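The structure appears right after this line, and notes come after that.
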Amino acid sequence: MKRLLLVITVGLFSFNSIADETCGDYLGSAKSGDIKKMWSSYKSGINDIGFVDSVEYSAKFSNASTDQNDKNSMQWMMQRAYNKCLRLSPSEHLSEVIKATM
């Protein structure tokens, strides 16, 4: 039983350290010109926030409008994160940028 608990704990910690999306990943997806990759990277950043908070942020992003003139639309949320990532280190966690800009 102790061994199973240890395996689960190590697995959870190693998954979290591997799964973190960075500003470099997000900027790279934007430079690729593929909006699907950029959207996927942004969603990965939301998922990295943590289970309880990621549900809230994911709902806010999913419920945002797609109107380009709305400053709270999906496009503007992603643009604000992109602009902030340009000013930060590529190793900065995208989840922190999303929390600051959403």
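Counting begins at 1 with the first residue of the sequence. These numbers come from a predicted model, not from an experiment.
Annotation: side-chain hydrogen bond (donor to acceptor under 3.5 Å, both in side chains) contacts involving residues 30-39, sequence neighbours excluded, are absent. Sorted by first then second residue, the side-chain hydrogen bond (donor to acceptor under 3.5 Å, both in side chains) pairs that include residues 50-67, not counting sequence neighbours, are Lys43-Ser58, Ser65-Asp70. Note on residues 42-73: no pairs pass disulfide (SG to SG under 2.5 Å), not counting sequence neighbours. For residues 37-78, the set of pairs meeting the disulfide (SG to SG under 2.5 Å) definition, not counting sequence neighbours, is empty. The side-chain hydrogen bond (donor to acceptor under 3.5 Å, both in side chains) contacts involving residues 77-88 comprise Gln79-Asn83, where partners must be two or more places apart or lie in separate chains.
A single hydrophobic cluster is seen to contain both Met74 and Ile49, as judged by linkage of ILVMFWY side chains at heavy-atom distances under 4.5 Å, directly or through other members.
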Residues Met78, Phe61; criterion side-chain contact (heavy atoms from CB on, under 4.5 Å); working and verdict
CA-CA 9 Å; Met78 292 174 67; Phe61 182 68; 4.0 Å; yes

Show me the side-chain donor-acceptor pairs of residues 92-102 shorter than 3.5 Å, one per line, residues at least two apart or across chains.
{"residue": "Glu96", "atom": "OE2", "partner": "Lys99", "partner atom": "NZ", "Å": "3.3"}
{"residue": "Thr101", "atom": "OG1", "partner": "Val97", "partner atom": "O", "Å": "2.9"}

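When all heavy atoms are compared, the tightest approach of Ser44 to Glu21 is CB-OE1, 3.8 Å. Taking every heavy atom of both residues into account, Ser89 and Cys23 meet most closely at O-CB, 3.8 Å.
The shortest distance between side-chain heavy atoms of Met77 and Tyr42 falls below 4.5 Å.
Using a 3.5 Å distance cut-off with no hydrogens or angles, the side chains of Asp25 and Thr22 do pair a donor with an acceptor.
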